Amino acid sequence: MTVIFQKTKGLTDTPFTYCPGCTHGIIHRLVAECLEELDILDRTVAIASVGCSVMSYEFFNCDAIQAAHGRAPAVATGVKRVLPNKIVFTYQGDGDLASIGTGEIVQAAHRGENITVIFVNNAIYGMTGGQMAPTTLPGQITTTSPYGRDVSKQGEPIRMSELMAQIPGAAYIERVMTADPVSVRKAKRAIKKAFEIQKNGGGFSMIEILSSCNIGWGLSPVDSLKYIKEDMAAYFPLGVFKDKGAAQ
Amino acid sequence: MKGRVTFNTDRCKGCGLCVSVCPVKLIELDKSVVNAIGYNPAYPAYPDKCIACTNCAIMCPDTVITVERLDD
Amino acid sequence: MSKVLMKGNEAIAQAAIAAGCDAFFGYPITPQNEICEYMSKYLAKSGGAFVQAESEIAAINMVYGAAGAGARTMTSSSSPGIALKQEGISYCAGAELPCVIVAISRGGPGLGGILPAQGDYNQATRGGGNGDYKVVVLAPNGVQEATEMMRDAFLLSEKYRNPVMVMADGVIGQMMEPVEINTDPLPKFEKPWAATGDSQSRGTRNVINSLFLNPVDLENHNIALRKKYDLIEENEVQVDLYMMDDADVALVAYGTPSRIVKSAIEEMRAEGIKVGLIRPKTLYPFPFKQINAAADKVKFMLTAELSMGQMVHDVRLAVNGKVPVYFYGRAGGMIFEPKEISDAVKSHLGGE
């Protein structure tokens with residue numbers, strides 16, 4: 001017998017605090033596996049944001065800094081500018097990145113900061129109890145869109161990957177999902193590519209990962225994966241939206 | 001049998017994602033057991049069916065599953 | 001080094017570089033722009049990092065990151081920008097990060113004006129962010145002292161692992177005065193706690209954080225911070241006493257206005273009115289003891305501020321009812337003349 005899959009050294013022993021079936025746990029593992037496989041655990045500073053993943057600094061087996069809500073890209077900028085040869089990544093949810101932190105994420109890309117952004121989009125504010133987020137789908141019921149998101153009053157959900165891809169400073173933008181084993185494997189490839197780009201000084205990379213919130217959505221973990229694949233991915237198409245490296 | 005899956009039972013939250021993605025349906029939630037964190041943990045009900053595809057471990061949100069492949 | 005005629009903002013920036021500032025994060029706002037401009041021109045030359053951030057909020061969070069990574073770092077702004085930084089400053093205090101915030105104050109509230117004022121005293125000394133935290137606040141009275149206080153600020157911030165603010169009124173930022181900047185290198189502080197990234201070789205993970213969900217931990221953290229502030233209050237008070245030995249009246253003023261008050265004192269002394277000046281150089285820690293002691297020897301005190309009255313409350317706290325504490329102030333960028341101060345003193349003298 002040879003072990004072909006085991007827990008990565010990129011994670012600490014601290015159990016995840018996420019709800020049963022929440023794909024944050026999968027994404028954490030993918031990031032950690034990439035850090036281990038690229039042999040950069042000893043060079044990495046993780047920037048935790050505010051949301052369900054606020055305590056990600058307990059889970060990633062590397063140095064970490066916990067940032068104020070929405071400000072992780074600015075904190076990452078500060079770290080990267082004084083430690084240019086270290087690997088710096090932010091781990092942010094849609095409330096953190098696409099709402100309060102819109103300015104910071106756009107400007108970090110605008111400056112072409114050589115950092116990696118892991119953007120977990122589950123279309124809701126999970127930590128605070130399931131409120132509407134800028135990415136909540138039209139008609140989707142949340143605790144602050146109890147009659148379903150009304151686009152005439154609350155606008156249509158924002159597509160961050162497409163928006164960020166317009167920024168000249170952005171080097172690599174891809175959207176993936178965690179709906180099934182195939183898409184999870186693809187998501188890992190995308191995350192690893194982003195870190196490789198950073199390792200090679202290639203500039204700003206962001207991977208948007210469609211993720212679940214079974215508690216907030218009121219669905220079982222398995223049905224939540226279906227919701228990602230059928231509802232989320234329909235509105236937020238997967239794919240590479242910017243690849244400066246390939247363009248050269 | 002081509003592989004073997006082992007579960008770190010006390011970290012399982014009984015979410016059932018592994019159950020849903022196992023191509024040979026060998027994993028089930030053990031309703032007769034409540035683990036250390038209060039959930040019915042997943043376990044290999046039909047271990048011999050395992051084909052070491054690692055789907056279960058890939059979909060597990062809590063790094064509960066280790067997968068081994070039989071040395072041929 | 002001989003004296004050089006320099007604009008306050010530029011002198012402050014050069015003093016920061018001389019003190020070993022590694023990284024500066026700023027944003028344009030009058031009347032402190034020349035600090036950012038100077039840094040963009042000279043910091044890179046000394047191997048430091050310069051970023052003009054997208055907002056004052058982003059700038060203080062960049063400081064939070066750089067400080068968390070172990071760098072000697074600072075930001076600068078003026079009143080409305082300093083207001084935007086308050087949450088970030090609270091995070092720096094909560095995570096015990098050394099950093100320097102230069103505040104060149106202007107008239108408020110709101111967009112206010114761009115001329116000098118001292119209306120941010122309460123925000124600076126009470127903390128405009130959330131929670132029980134303190135920021136050391138140094139208040140220079142001229143360009144030379146501002147450069148000296150920049151060194152103090154970096155030293156104190158690293159000694160106590162706490163944000164330190166240098167709060168100068170707009171006059172200092174904009175006026176030119178001859179200065180001699182101390183270029184002796186500041187000692188390098190060891191920062192074993194910094195998140196520098198090499199967790200595996202270090203053998204431990206360094207985490208910069210101010211989140212404590214467990215209330216027992218958060219209360220203990222607050223108690224530990226309080227001990228630090230007690231130490232600061234015990235050891236770091238700086239205050240100037242001018243002609244206080246035989247004074248019947250004590251004027252209390254800081255920053256450039258304290259120099260106008262000195263002119264008023266000379267006028268009054270010439271008329272036989274024995275007036276002295278107490279000039280806090282640290283607004284936090286505030287010289288409560290010194291002011292309380294002075295209250296035993298004077299008939300009353302009067303604070304002269306470029307605001308509608310903020311430090312006066314601390315002076316009353318210090319005096320604790322021993323004698324009356326009056327106030328005279330100008331706001332909106334208006335600056336009082338010596339005669340206004342003399343008239344104010346005489347009006348209260350007459351009252352006896």
Side-chain angles (χ1 to χ4, degrees), chain A residues 9-10 12 14 17 35-36 39-48 50 54-90 100-111 113 115 127, chain C residues 21-25 27 43-44 47-73 75 85 87-92 94-95 97 99 129-130 193-213:
Chain A
K9 285 211 274 334
T12 64
T14 313
T17 47
L35 296 179
E36 182 184 12
D39 191 19
I40 49 177
L41 275 172
D42 203 26
R43 280 177 60 193
T44 298
V45 180
I47 312 298
V50 172
V54 62
M55 285 186 291
S56 58
Y57 59 83
E58 301 258 8
F59 308 136
F60 291 122
N61 182 24
C62 58
D63 280 357
I65 299 179
Q66 199 289 315
H69 194 32
R71 315 311 171 192
V75 174
T77 298
V79 176
K80 191 73 182 195
R81 291 302 180 110
V82 299
L83 299 174
N85 52 33
K86 295 294 162 73
I87 300 297
V88 182
F89 76 94
T90 73
I100 187 171
T102 321
E104 276 73 11
I105 193 66
V106 166
Q107 292 290 329
H110 159 61
R111 289 188 304 269
E113 297 293 341
I115 61 175
M127 169 68 101
Chain C
C21 176
D22 296 317
F24 174 89
F25 306 96
Y27 187 79
L43 187 54
F50 168 87
V51 176
Q52 178 176 299
E54 60 269 29
S55 73
E56 289 94 344
I57 295 174
I60 187 68
N61 279 283
M62 291 176 189
V63 163
Y64 178 84
R72 181 168 286 171
T73 181
T75 184
K85 292 181 192 289
E87 181 202 32
I89 293 172
S90 171
Y91 269 66
C92 289
L97 293 179
C99 58
N130 56 310
W193 46 265
T196 49
D198 34 24
S199 54
Q200 312 303 301
S201 40
R202 182 189 313 126
T204 58
R205 289 187 323 114
N206 281 351
V207 176
I208 304 300
N209 169 51
S210 60
L211 176 70
F212 297 85
L213 284 178

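Each chain gets a letter, A, B and so on, in the order the sequences are listed, and its residues count up from 1. Remember, predicted model here, so these are calculated numbers, not experimental data.
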Peer 1: Against chain C, label A:Arg43 side chain, backbone, both or neither, depending on which of its atoms sit under 4.5 Å from a heavy atom there.
Peer 2: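 Just the backbone, heavy atoms under 4.5 Å.
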Peer 1: Is C:Arg205 close to A:Thr12 at the side-chain level, that is, under 4.5 Å between some pair of heavy atoms?
Peer 2: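 A:Thr12 reaches C:Arg205 side chain to side chain.
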Peer 1: In terms of heavy-atom pairs under 4.5 Å with chain C, which of A:Ile40, A:Ile47, A:Leu83 leads?
Peer 2: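 Winner by heavy-atom pair count: A:Leu83.
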Peer 1: Where does C:Ala95 contact chain A at under 4.5 Å (heavy atoms): side chain, backbone, both or neither?
Peer 2: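 Contact with chain A is absent: no heavy atom of C:Ala95 under 4.5 Å.
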Peer 1: Which one wins on heavy-atom pair count under 4.5 Å against chain A: C:Val63, C:Ile57, C:Thr204, C:Leu213?
Peer 2: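 Answer, by heavy-atom pair count under 4.5 Å with chain A: C:Ile57.
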Peer 1: With respect to chain A, which residue among C:Gly48, C:Gly88, C:Ser201 yields the maximal number of heavy-atom pairs within a distance under 4.5 Å?
Peer 2: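 Of the options given, most contacts go to C:Ser201.
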Peer 1: At their closest point, which heavy atom of A:Ala74 faces which heavy atom of C:Ala58, and how far apart are they?
Peer 2: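 Shortest heavy-atom separation between A:Ala74 and C:Ala58 comes out as CB-O, 3.6 Å.
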Peer 1: Using a 4.5 Å cut-off on heavy atoms from C-beta on, say whether the side chain of A:Tyr57 contacts that of C:Ile208.
Peer 2: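 Of all side-chain heavy-atom pairs linking A:Tyr57 with C:Ile208, none is under 4.5 Å.
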Peer 1: Is there a donor-acceptor pair under 3.5 Å between the side chain of C:Asn206 and the backbone N or O of A:Asp63?
Peer 2: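 It does not hold such a pair.
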Peer 1: Quick check on the interface: out of A:Val50, A:Val45, A:Val79, A:Ile65, who has the most heavy-atom pairs with chain C under 4.5 Å?
Peer 2: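 It is A:Ile65.
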Peer 1: Is there a side-chain contact between A:Gln66 and C:Tyr91 in this structure, where contact means two heavy atoms from C-beta onward sitting under 4.5 Å apart?
Peer 2: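 Of all side-chain heavy-atom pairs linking C:Tyr91 with A:Gln66, at least one is under 4.5 Å.
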Peer 1: Measure A:Ala67 against the heavy atoms of chain C and call it side chain, backbone, both or neither at under 4.5 Å.
Peer 2: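 Just the backbone, heavy atoms under 4.5 Å.
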Peer 1: Is C:Thr73 close to A:Val82 at the side-chain level, that is, under 4.5 Å between some pair of heavy atoms?
Peer 2: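 Side chain of A:Val82 against side chain of C:Thr73, heavy atoms only: no contact under 4.5 Å found.
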Peer 1: Can you tell which of A:Leu41, A:Asp39, A:Thr44 makes a side-chain contact (heavy atoms from CB on, under 4.5 Å) with C:Gln200?
Peer 2: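 For C:Gln200, the side-chain contact (heavy atoms from CB on, under 4.5 Å) check succeeds only for A:Leu41.
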Peer 1: If you take all heavy atoms of A:Cys62 and C:Ser199, which pair is closest and at what distance?
Peer 2: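 A:Cys62 and C:Ser199 have their closest heavy atoms at CA-OG, 3.5 Å.
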Peer 1: Which residue out of A:Lys9, A:Met55, A:Arg111 racks up the most heavy-atom pairs below 4.5 Å with chain C?
Peer 2: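 Going by pairs under 4.5 Å, I would pick A:Arg111.
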Peer 1: Heavy-atom distance under 4.5 Å between the side chains of C:Asp198 and A:Lys86, does that happen here?
Peer 2: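 Touching, per the 4.5 Å side-chain cut-off.
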Peer 1: Taking everything shown except A:His69 itself, do over 12 heavy atoms lie less than 6.0 Å from its NE2?
Peer 2: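 Enclosed.
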Peer 1: Check A:Ala64 against C:Ala195 and note the closest heavy-atom contact, atom names and distance.
Peer 2: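 That closest heavy-atom pairing would be O-CB, 4.0 Å.
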Peer 1: Do C:Ser55 and A:Glu104 touch side chain to side chain, with heavy atoms closer than 4.5 Å?
Peer 2: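 The answer is yes, as the side chains (C-beta and beyond) meet within the 4.5 Å cut-off.
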Peer 1: Give the member of A:Val106, A:Asp42, A:Asn61, A:Val75 that has the highest number of heavy-atom pairs under 4.5 Å with chain C.
Peer 2: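 Highest number of heavy-atom pairs under 4.5 Å: A:Asp42.
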